[in-house]
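Protein chains get the first letters and strands the later ones, always in sequence-line order, with residue 1 at the start of each. Note that this is a predicted model, so its numbers are computed, not measured.
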Amino acid sequence: MAVELPAQYDPKAIEERVSRFWLEGGFFHADPARGGKPYTIVIPPPNVTGALHMGHALDNTLQDVLIRWHRMLGINTLWMPGTDHAGIATQNVVERKLAEEGRSRDDLGRDKFVEEVWKWKEQYGSRIINQLKRLGASCDWERERFTMDEGLSRAVRLAFCTLYKRGLIYKGNYIINWCPRCLTALADDEVDHESHEGHLWHIFYPYEDDPSEGVVVATTRPETMLGDTAVAVNPKDERYKDRIGRMLILPIVERRIPIIADEFVDMEFGTGAVKVTPAHDPNDFAMGRRHKLAEICVFNENGTMNENAGGAYNGMDRFECREALIEELKEKKLLRKVDPHQHSVGHCYRCHSVVEPYISEQWFVKMRPLADAAIKATEDGRVKFHPERWTKFYLSWLENVRDWCISRQIWWGHRIPAWECQDCAHIEVATEDVTACPKCGSTMLVQDEDVLDTWFSSSLWPFSTMGWPDRTPELDFYYPTSVLVTDRGIIFFWVARMVMMGLELMEKEPFHDVYIHATILDELGRKMSKSLGNGIDPLVMIEGGEQMYMGRKFECDGYGADGLRFSLVILTKEGQDVRVSPSKLELGRNFVNKLWNASRFVFMNLEEISQAEPSAPSFEDAWILSRAHSTIRAVTNNIAEYLFNDAATALYDFVWRDFCDWYLELSKPRMNAGEGGATPADRRRVQETLSETLNILVHLLHPVTPFVTEHIWGLLKEFAAELPVAGKMTAPALVRSSCPAADESLIDAGIERDMASIQDIVRAVRSVRREKNLRDREPLRIAISVANPEDKARLDAKSAVIRNIAFLSEAAEIAVNMPKPTRCAVCVVGDIQVFVHLEGLVDAEAERARLDKQRESLEGRIGKAKAKLSNENFVSKAPEDVVAKERERVAELEAELQKVMQNLRDLD
RNA sequence: GCGCGGUUAGCUCAAUCGGCCAGAGCGCCUGCCUUACAAGCAGGAGGCUUCGGGUUCGAGUCCCGGACCGCGCACCA
């Protein structure tokens with residue numbers, strides 16, 4: 001067979017080929033008509049402007065592990081992919097591109113601009129999808145959706161109308177967060193608060209009837225004073241009690257404003273008197289409405305001051321205005337004090353400008369009823385979080401949520417389906433465009449200019465992608481989905497809103513489980529970000545190349561998608577953020593190479609299949625199959641509980657420790673007829689066990705390292721065509737093959753224990769080799785003294801194993817209570833003594849040193865255990881089996897110690 | 001201010017229900033190009049589990065309190 005088997009695994013060529021094979025085979029396609037049990041995941045749709053980062057890599061790897069695992073269990077799986085139109089973000093990207101060409105969106109006008117965005121989307125929008133494919137994500141790509149698709153847009157309109165009709169959407173004039181750069185309203189959770197070192201300015205407001213007296217107010221945003229319409233004090237505040245109702249003259253603008261009393265005011269803070277600016281502060285807004293104060297807006301939409309700010313400031317930027325205003329107040333001796341003050345300032349999560357609280361007319365979703373239903377779904381156990389602690393985080397947000405501002409003053413997005421009649425001012429909300437006013441019949445209708453928050457359309461994702469509002473077979477079969485896998489960062493933005501919309505519009509929660517995985521951090525524990533330059537590009541790690549990381553350049557020769565995926569999965573402990581650095585990712589690359597080489601070894605030994613009837617399975621054959629099935633059991637349980645890294649660790653140990661370090665080494669002499677009595681029947685047996693084990697192993701690993709396992713499986717299918725395992729390899733591809741179930745009858749704790757004991761003996765011999773500077777394969781002779789005839793019988797049966805792996809010149813002599821032969825080193829392993837014949841090499845000092853060290857350790861352990869046993873409370877209160885076990889342990893340790901002591905005496 | 005994580009080997013992390021000697025990877029030291037793999041093999045060193053109390057026969061693990069690091073929310077005139 002002329003197959004090239006390079007000694008170093010090169011992922012690049014293989015992954016590309018395997019990827020093509022999968023896509024051409026249509027193996028990821030989901031078909032509800034196939035029936036069976038459904039298992040569904042909808043992808044958290046990445047921004048269409050996005051590029052794959054490590055967070056995506058982890059998120060999608062975990063989803064892919066779940067999907068591939070369930071697919072291999074024969075379950076009817078659907079992984080729904082797609083992208084999000086990301087209103088503000090995408091609009092910003094296209095506007096930046098236009099700016100480079102010296103154009104602006106206003107030059108183009110709305111229709112032309114939206115056309116430009118679509119063009120941009122067609123050209124660049126598939127980048128992240130291709131990157132996900134490169135990562136190996138086994139989504140049903142034939143079903144790819146985009147939140148601005150025709151179908152999803154229909155879903156958005158119907159959702160809006162339905163909620164409006166149910167009174168859950170309303171329009172109103174309220175204070176919202178305004179980004180003066182993006183020129184749009186933002187939802188509360190789209191504002192990032194950052195702590196800033198600012199000032200607390202104390203400003204004097206004189207009384208109208210006695211300008212020499214007045215009150216001092218404290219503020220961090222003095223420029224808003226231009227819009228003040230009152231000063232508030234606490235009604236209980238003795239200092240101000242008798243001044244309530246008195247009029248003040250607001251400096252600079254010279255407006256008459258009253259002193260009002262409101263419980264809200266904190267007497268401890270500042271001077272206890274608060275300037276009230278209803279149009280520019282959420283608390284003041286609420287106070288203003290309580291006291292029916294005027295709402296005077298002093299800002300323009302772009303963050304400059306407007307005519308209400310007065311002639312001097314009109315048109316000035318808000319921050320320049322602050323400076324100028326402070327100067328003027330100083331001149332007028334109205335600035336009484338300036339204290340440094342730490343306070344938090346809201347920033348736009350898209351462009352990072354300082355947002356302004358701003359009164360404007362917007363559309364809102366009434367959250368209370370929706371949130372209550374969502375809370376109930378979790379309380380009833382219909383929506384569960386993993387790890388469990390996120391439940392509280394999620395519920396506390398739902399409990400305190402305020403109405404959601406969903407209108408955005410941008411052009412890219414789902415335009416609000418509301419039309420206002422220019423004649424009678426009636427507002428009609430409808431799924432189809434409205435051409436005549438249903439109230440007055442006028443045809444003078446104007447559609448609302450605003451678009452909806454992107455998260456509004458993403459909240460429908462679990463069902464809009466399946467064809468809702470049509471009742472499709474997909475929706476019937478795959479909804480609700482099984483699990484949502486995401487980062488904690490969008491629990492509010494997205495997870496909560498999907499639950500609310502699913503319950504309201506589908507009357508069914510959109511998913512049963514929510515798995516919140518780690519956030520990826522850099523090696524110093526900081527989130528990866530562009531501005532810090534501490535991000536690692538997953539594509540560079542996969543395909544190779546160079547990039548800047550934390551200020552230095554590093555080069556990677558391409559660890560492959562498998563290497564990256566394995567690293568991420570094994571590093572990511574549930575519920576724990578994960579620090580990633582380029583060097584840590586070598587782990588997965590090394591593992592994949594190890595797996596490849598183990599497979600390569602198997603293939604080389606399958607080149608000539610022995611035609612003999614296989615001999616009976618030997619001890620080591622039974623052992624590796626026992627370990628294989630133990631591993632199947634462990635991985636199955638771990639994945640069911642979302643313990644991905646435990647599954648990966650079990651696989652790592654099985655492949656590297658059990659299979660490579662021990663079984664492959666043990667199989668070598670059995671492959672070579674003649675040597676050590678190996679027969680063609682033995683050879684055949686080993687070939688069957690190797691192929692069987694490798695087949696199990698690639699199945700188990702496939703969800704984590706899909707490419708290399710698919711490749712190995714394909715080769716194994718050819719190499720093992722004449723072996724029994726071929727009967728289990730009839731699927732067209734590993735991705736569609738079913739995973740072997742754990743066969744409990746093959747799991748043998750006794751065999752695993754015996755092997756552990758053999759490993760101890762072998763390690764003892766190796767240790768002596770090291771100590772004596774003997775070559776690893778220098779033939780040696782050993783004798784083994786055991787405690788009883790049963791142990792002798794057990795070891796006798798395995799003497800070939802020991803001989804093989806310890807490189808002995810002949811089988812060990814095994815006897816019960818054998819006296820120590822002369823001229824040998826001795827190692828005490830439990831109740832076994834291993835005598836290594838060394839002829840002239842025995843070194844009494846080295847012997848003494850080794851035995852002394854062991855004596856010390858044993859004495860320490862015995863001391864501890866005896867102290868426990870001599871404690872009457874322990875003996876009387878601890879469970880009997882624990883006490884019995886402890887006694888047994890002491891007896892064993894003492895027997896071992898005696899042997900060590902005897903050997904020490906013999907040295908004298 | 002409230003809440004949630006975390007603190008274990010030089011580094012990054014494990015440790016199931018409280019019970020054998022607290023493990024692994026990387027790094028370090030020794031020796032090996034051993035016919036799958038130097039991205040490897042073999043052997044080894046390395047621990048007052050953040051601190052102080054408590055519960056318990058027994059605590060890395062449970063409870064109370066403190067320190068430090070990180071995250072979220074609220075307040076922030």
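For A:D192, there are no side-chain hydrogen bond (donor to acceptor under 3.5 Å, both in side chains) partners, not counting sequence neighbours. Checked against salt bridge (Lys or Arg N to Asp or Glu O under 4.0 Å), A:D228 has the following partners two or more places apart in sequence or in another chain: A:K275.
Regarding A:N400, its CG atom lies at a distance of 14 Å from the P atom of B:G3, rounded to whole Å. Atom CG in A:L395 sits about 17 Å away from atom P in B:G3, given to the nearest Å. In this structure, the CG atom of A:L774 is 17 Å from the P atom of B:U34, given to the nearest Å. Atom-to-atom, NZ of A:K527 to C1' of B:C71 comes out at 7 Å; the value is rounded to the nearest Å. The distance between atom CG of A:N645 and atom C1' of B:C13, rounded to the nearest whole Å, is 9 Å. Computed from coordinates, the A:R775 CZ to B:C33 C1' distance equals 13 Å when rounded to whole Å. Between the P atom of B:A39 and the CG atom of A:L587 lies a distance of 15 Å, rounded to the nearest Å. Protein atom CZ of A:R579 is 11 Å distant from nucleotide atom P of B:U7, rounded to whole Å.
Residues from residues 854-868 of chain A lying near RNA chain B, meaning a heavy-atom separation below 4.0 Å, are A:R861 in numerical order. Contacts between residues 633-643 of chain A and RNA chain B, defined by a heavy-atom separation under 4.0 Å, are absent.
Comparing B:G31 with B:C13, their P atoms sit 33 Å apart, to the nearest whole Å. Only the C1' atoms considered, B:A74 is 36 Å distant from B:A14, to the nearest whole Å. As rounded to the nearest Å, B:G47 and B:A36 have C1' atoms that lie 37 Å from one another. Only the C1' atoms considered, B:A59 is 14 Å distant from B:G53, to the nearest whole Å. B:C26 and B:C63: their P atoms are spaced 35 Å apart (whole Å). Taking the P atom of each, B:A22 and B:G5 are spaced 28 Å apart, rounded to whole Å. Distance check on atom C1': B:G25 versus B:A15 gives 15 Å, rounded to whole Å.
Residue A:K584 places no side-chain N or O under 4.0 Å from the OP1 or OP2 atom of B:C13. For B:G58, neither phosphate oxygen OP1 nor OP2 lies less than 4.0 angstrom from any side-chain nitrogen or oxygen of A:K885. Within the 4.0 Å cut-off from OP1 or OP2 of B:G31, not a single side-chain nitrogen or oxygen of A:R770 is found. The phosphate of B:C4 has OP1 or OP2 within less than 4.0 Å of a side-chain N or O from A:K392. One finds no side-chain N or O of A:W662 lying less than 4.0 angstrom from the OP1 or OP2 phosphate oxygen of B:C41. At the phosphate of B:G19, neither OP1 nor OP2 sits under 4.0 Å from any side-chain N or O atom of A:R887. Between B:A38 and A:N590, no contact under 4.0 Å exists linking OP1 or OP2 to a side-chain N or O. Between A:K594 and B:C41 there is a side-chain N or O to OP1 or OP2 distance below 4.0 Å.
Here the side chain of A:F393 is nearest to one of B:C4, B:A42, B:G72, namely B:G72. If you check B:C57, B:G43, B:C76 against the side chain of A:R763, the one that comes closest is B:G43. Between B:G19, B:C37, B:C13, one nucleotide has an atom nearer to the side chain of A:A878 than all others, and that is B:G19. Nearest nucleotide to the A:M604 side chain, out of B:G6, B:G25, B:A36: B:A36. The side chain of A:S344 lies closest to B:C76, out of B:G5, B:C76, B:A36. The nucleotide whose nearest atom lies closest to any side-chain atom of A:N283 is, among B:C76, B:A39, B:C57, B:C76.
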Side-chain donor-acceptor pairs under 3.5 Å in residues 639-651 of chain A, sequence neighbours left out?
{"unit_1": "A:Y642", "atom_1": "OH", "unit_2": "A:D513", "atom_2": "OD2", "d": "2.7"}
{"unit_1": "A:T649", "atom_1": "OG1", "unit_2": "A:N645", "atom_2": "O", "d": "2.7"}

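Base-pairing analysis of RNA chain B finds the following stems of at least three consecutive Watson-Crick or G-U pairs, with both pairing distances under 3.5 Å: B:1-7 with B:67-73, B:10-13 with B:23-26, B:28-32 with B:40-44, B:50-54 with B:62-66.
Using modelled atom types and a 3.5 Å distance limit, the side chains of A:D262 and A:H291 yield a donor-acceptor pair. Checking A:E752 against A:S630 by side-chain atom types alone, a donor-acceptor pair falls below 3.5 Å.
Salt-bridge check for A:R322 with A:E223: passed, with a basic side-chain N closer than 4.0 Å to an acidic carboxylate O. With salt bridges taken as basic N to acidic carboxylate O contacts below 4.0 Å, none links A:R769 and A:E778. Salt bridge absent: A:R850 and A:D852 never bring a charged side-chain N and a carboxylate O closer than 4.0 Å.
Evaluation of atom-type donor-acceptor distances gives no pair under 3.5 Å for the side chain of A:E574 against the base of B:A14. Side-chain atoms of A:Q8 come within donor-acceptor range of the base of B:A39, with a qualifying N/O pair under 3.5 Å.
In terms of position on RNA chain B, the residue among A:V191 and A:T220 whose nearest nucleotide sits closer to the 5' end is A:V191.
Contacts of A:A7 with the nucleic acid, taken as non-hydrogen atoms under 4.0 Å apart, involve only primed sugar atoms and P, OP1 or OP2.
Ring geometry for A:F659 versus A:Y663: interplanar angle under 30°, hence parallel rather than tilted (30 to 60°).
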